[in-house]
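These notes concern the structure reproduced below.
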Protein chains: 2
Amino acid sequence: MVAKKAKASKSRDIPSQSAPDRVESLNGTQDGRLYNEILDAILDRRLSPGVKLKEDELSSIFSVSRTVVRRALLRLSHDRIVDIQPNRGATIIRPDVHKAREILGVRRLIERELIREATVAATKKSLDELRRCVDDERDQVRRQHVGSGLRLSGDFHIQLSMLSTNSTLQSYLKELVPQTSLVIAMYQTPHHTLCSHQEHFDIIDVIASGDVQAAQVEMDNHLQRIEDKLDLGNERSPGDLYAAFAHVKNTA
Amino acid sequence: MVAKKAKASKSRDIPSQSAPDRVESLNGTQDGRLYNEILDAILDRRLSPGVKLKEDELSSIFSVSRTVVRRALLRLSHDRIVDIQPNRGATIIRPDVHKAREILGVRRLIERELIREATVAATKKSLDELRRCVDDERDQVRRQHVGSGLRLSGDFHIQLSMLSTNSTLQSYLKELVPQTSLVIAMYQTPHHTLCSHQEHFDIIDVIASGDVQAAQVEMDNHLQRIEDKLDLGNERSPGDLYAAFAHVKNTA
DNA sequence: AACACAAACATTGTACACAATACTAACTCC
DNA sequence: GGAGTTAGTATTGTGTACAATGTTTGTGTT
């Protein structure tokens with residue numbers, strides 16, 4: 001265990017920290033930042049399955065009160081990203097093999113329908129835009145560390161779902177993507193080219209062809225390949241909380 | 001508008017109110033009661049779409065602090081049962097026509113898969129048990145007021161989903177059932193025999209036959225019939241908060 | 001009368017204090 | 001030495017005060 005770096009930050013000079021954040025217009029007041037920050041950490045693989053999320057630690061790391069931390073954790077628990085036990089606190093879920101297959105299976109079900117709706121609604125313009133996104137992602141991955149690859153890969157699936165107007169399925173997918181990230185964190189194999197950009201381009205091309213059935217099959221295979229690359233026998237061990245948020249400037 | 005009945009209850013003599021509640025082992029401390037109570041009110045049609053849920057009102061009605069109310073509302077907002085706007089409070093959602101169709105559509109998608117898994121996993125014993133549940137429901141409906149019919153009908157779908165081991169889809173359905181209740185509340189037609197018990201028995205029989213395809217078709221038709229019975233032109237107006245919780249003993 | 005502005009009110013957001021519960025470790029007794 | 005017990009510590013649960021924001025009402029001006 002790494003020694004605790006943060007102590008407590010009673011200096012609350014600038015409470016106007018409420019940047020508009022980038023997503024989740026739903027109820028984002030201040031906990032939205034923390035919520036997104038933890039989600040990002042999971043997508044970037046800085047937070048591993050099984051990590052205990054203590055309220056005091058998070059509140060001192062992010063210089064917010066426990067009230068805010070609490071809200072963020074509650075939201076994450078409803079996303080099935082963390083598991084809250086009544087008087088025992090919150091930990092990041094550790095999906096077992098059954099759960100791992102379930103998550104991928106539900107993704108296939110959901111994304112099969114989403115890509116159906118997306119194919120029907122897609123325009124040349126929207127597809128070109130999507131292609132540009134994948135391009136940008138590829139460039140970013142080349143430049144940055146390997147961890148971000150997975151994160152951006154998940155972004156593609158969410159971007160794609162935006163072509164549909166089904167907000168219910170979109171929200172399900174937004175929960176499933178970080179869950180998938182945790183599954184991958186637990187069962188990844190050495191070669192972590194899990195979600196290749198080429199396959200994403202292929203998916204876009206199939207959508208462009210307008211063949212709904214083919215698009216569904218393409219997506220299904222894509223997700224199946226991800227599952228196939230996992231090693232459902234070897235589990236990785238939990239990581240450290242403070243290492244995950246080392247980049248957060250502590251105002252103590 | 002009905003005059004406000006509750007004022008405030010500062011007498012908190014028995015804080016050991018923490019009955020184990022009946023469901024949601026997830027994080028049920030004290031807010032679980034409120035969460036279930038509001039959910040029940042929606043399923044029983046005592047709470048209508050569009051009702052504003054003020055924190056102070058709920059806290060005085062149920063004799064709990066705003067902290068607890070807040071937690072319950074946050075959970076409901078994640079279930080897409082209530083809509084929380086940053087500094088404007090929470091209201092029960094009023095699904096528009098597009099949203100209504102979407103909810104029913106997603107239910108078809110989810111329940112088609114759930115009934116597939118249920119059919120595979122079903123045993124004679126589990127089906128008999130399910131039949132007994134529907135029997136009990138039918139008796140209860142005969143005895144009680146009409147409002148509870150819908151509530152128990154939703155219970156059948158959830159009970160049925162329990163035959164599957166897919167907890168992800170089960171949780172989706174648990175959110176969709178109250179949402180459906182709100183859809184029905186908004187677009188119901190005079191004859192509210194929405195979810196007939198006979199159809200439920202038919203579904204069980206098809207599952208018993210082991211024919212997965214037939215079971216899926218049966219469920220799909222069942223849900224389609226519900227949608228067909230709705231009048232997607234006429235909307236009902238919001239109801240009253242205090243009337244919904246008149247049965248709650250106020251300790252003021 | 002209609003609009004603009006401002007003050008009073010209502011409601012939600014956040015922090016913190018204390019209570020309740022779980023965890024840890026030291027101690028006793030067998 | 002080991003298991004059970006009990007104090008002490010750590011962590012979460014809840015209530016409440018105050019701050020920030022939204023809403024409404026009232027007033028004055030055009």
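Chain A is the first sequence line, chain B the second, and so forth, proteins listed ahead of strands; every chain is numbered from 1.
- A donor-acceptor pair is defined here as one N or O able to donate and one able to accept, closer than 3.5 Å; such a pair exists between the side chain of Q170(B) and the backbone of S164(B).
- Taking E175(B) as the reference, nothing meets the salt bridge (charged side-chain N to carboxylate O under 4.0 Å, His left out) condition, with sequence neighbours excluded.
- For S65(B) and dG15(D), the shortest distance from a side-chain N or O to OP1 or OP2 is below 4.0 Å.
- Of the candidate nucleotides dT14(D), dT14(C), dT12(C), dT12(C) has the atom nearest to the side chain of E55(B).
- Every residue was checked against the salt bridge (charged side-chain N to carboxylate O under 4.0 Å, His left out) condition with E117(B), not counting sequence neighbours, and none meets it.
- Comparing A90(A) and T67(A) by the nucleotide of DNA chain D that holds the closest heavy atom to each, the one mapping nearer the 5' end is A90(A).
- Here D44(B) pairs with R46(B) in a salt bridge; the nearest charged N to carboxylate O distance falls below 4.0 Å.
- Regarding R33(B), its CZ atom lies at a distance of 12 Å from the P atom of dT14(D), rounded to whole Å.
- E57(A) has its CD atom 11 Å from the C1' atom of dT11(D), to the nearest Å.
- What separates CZ of R66(B) from P of dC16(C) is a distance of 17 Å, to the nearest Å.
- Distances shorter than 4.0 Å separate some side-chain N or O of R88(A) from OP1 or OP2 on dC23(C).
- The CG-P distance, from D56(B) to dA10(C), rounds to 11 Å in whole Å.
- Note: CZ (R71(A)) to C1' (dT14(D)) measures 16 Å, nearest angstrom.
- Put simply, CD on Q85(B) is 17 Å from P on dT21(D), counting in whole angstrom units.
- Here dT21(C) presents its P atom at 7 Å from CG of N87(A), a figure rounded to the nearest Å.
- For the pair K54(A) NZ and dC23(C) P, the computed distance is 12 Å after rounding to whole Å.
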